[in-house]
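A quick write-up on the structure given underneath.
Chain letters run A, B, ... following the sequence lines, proteins first and then strands; every chain starts at 1.
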Amino acid sequence: MFWLMKSEPSELSIDDLAGLPGQRIGWFGVRNYQARNFMMQDMKIGEQAYFYHSSCAVPGIYGIVEICSAAYPDPTQFERASEYFDAAATAEKPRWFQVDVRFVRKTRPIPIDELRGKSRLASMLVLQRGNRLSITPVTTAQWNFIAKLM
DNA sequence: GCCAACGTTGGC
DNA sequence: GCCAACGTTGGC
């Protein structure tokens, strides 16, 4: 499968990733069950994701990352000082999971405006009204269509 | 900063 | 199990 993963550039930007070539980066902080379940149930090592910047001047796709681990417990849920701490999570029964990703490449920025302008992408989840999921599946057709825009 | 949309919480 | 209230997301 293919994916789209959102990040606020103030948290983790494409340039942050580009500065860590070949390194595994834990995708911590997902606190939504649907997004978590995608990581736990559907993501496979080696799959690729479009890296998307949200909550910024030009929201859109800025690069590609690759999934390089299975899902494992997100350590920040156990860290009392973390904004992601979850008092209900225990080592025996972790609630939140993450995967590792690695930087593949930067792409030209493809703004959400441009994506919205393509009728072939009309059903893309990230473009749907009210969408808030930070991890969404991308169909092969959508992936290939966007790849040609790059 | 605004606000629509959505997920979660908690009283009943 | 319903649903109102609340907090968060994220484009604009």
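Between the CG atom of A:L133 and the C1' atom of C:dT9 there is a distance of 11 Å, rounded to whole Å. C:dG11 atom C1' lies 8 Å from atom OH of A:Y52, rounded to whole Å. Rounded to whole Å, atom C1' of C:dG11 lies 14 Å from atom CD of A:Q128. Distance A:L125 CG to C:dG10 C1': 16 Å, rounded to the nearest Å. In this structure, A:Q34 atom CD and C:dT9 atom P are separated by 15 Å, rounded to whole Å. Here the C1' atom of nucleotide B:dG7 and the CH2 atom of A:W96 are 10 Å apart, to the nearest Å. We find that CG of A:D86 is positioned 12 Å from C1' of B:dT8, with the value rounded to whole Å. Straight-line distance from the CG atom of A:L127 to the C1' atom of C:dG10: 13 Å, rounded to whole Å.
The side chain of A:I112 approaches C:dC12 more closely than any other nucleotide in the set B:dT8, C:dG10, C:dC12. The side chain of A:Y33 lies closest to B:dT8, out of B:dT8, C:dG10, C:dC12.
Between A:R108 and A:E114, at least one side-chain nitrogen of the basic residue sits less than 4.0 Å from a carboxylate oxygen of the acidic one, meeting the salt-bridge criterion.
Using a 30° and 60° split on the angle between ring planes, A:W143 and A:F2 fall in the parallel class, below 30°.
The residue A:R116 sits close only to the backbone: its heavy atoms come under 4.0 Å of sugar-phosphate atoms, none of a base.
Judged as a salt bridge (charged side-chain N to carboxylate O under 4.0 Å, His left out), the pairs with a partner in residues 4-23 of chain A (not counting sequence neighbours) are, in order, A:D15-A:K106.
With hydrogens and angles ignored, the 3.5 Å screen pairs no side-chain donor or acceptor of A:Q48 with any backbone N or O of A:V65.
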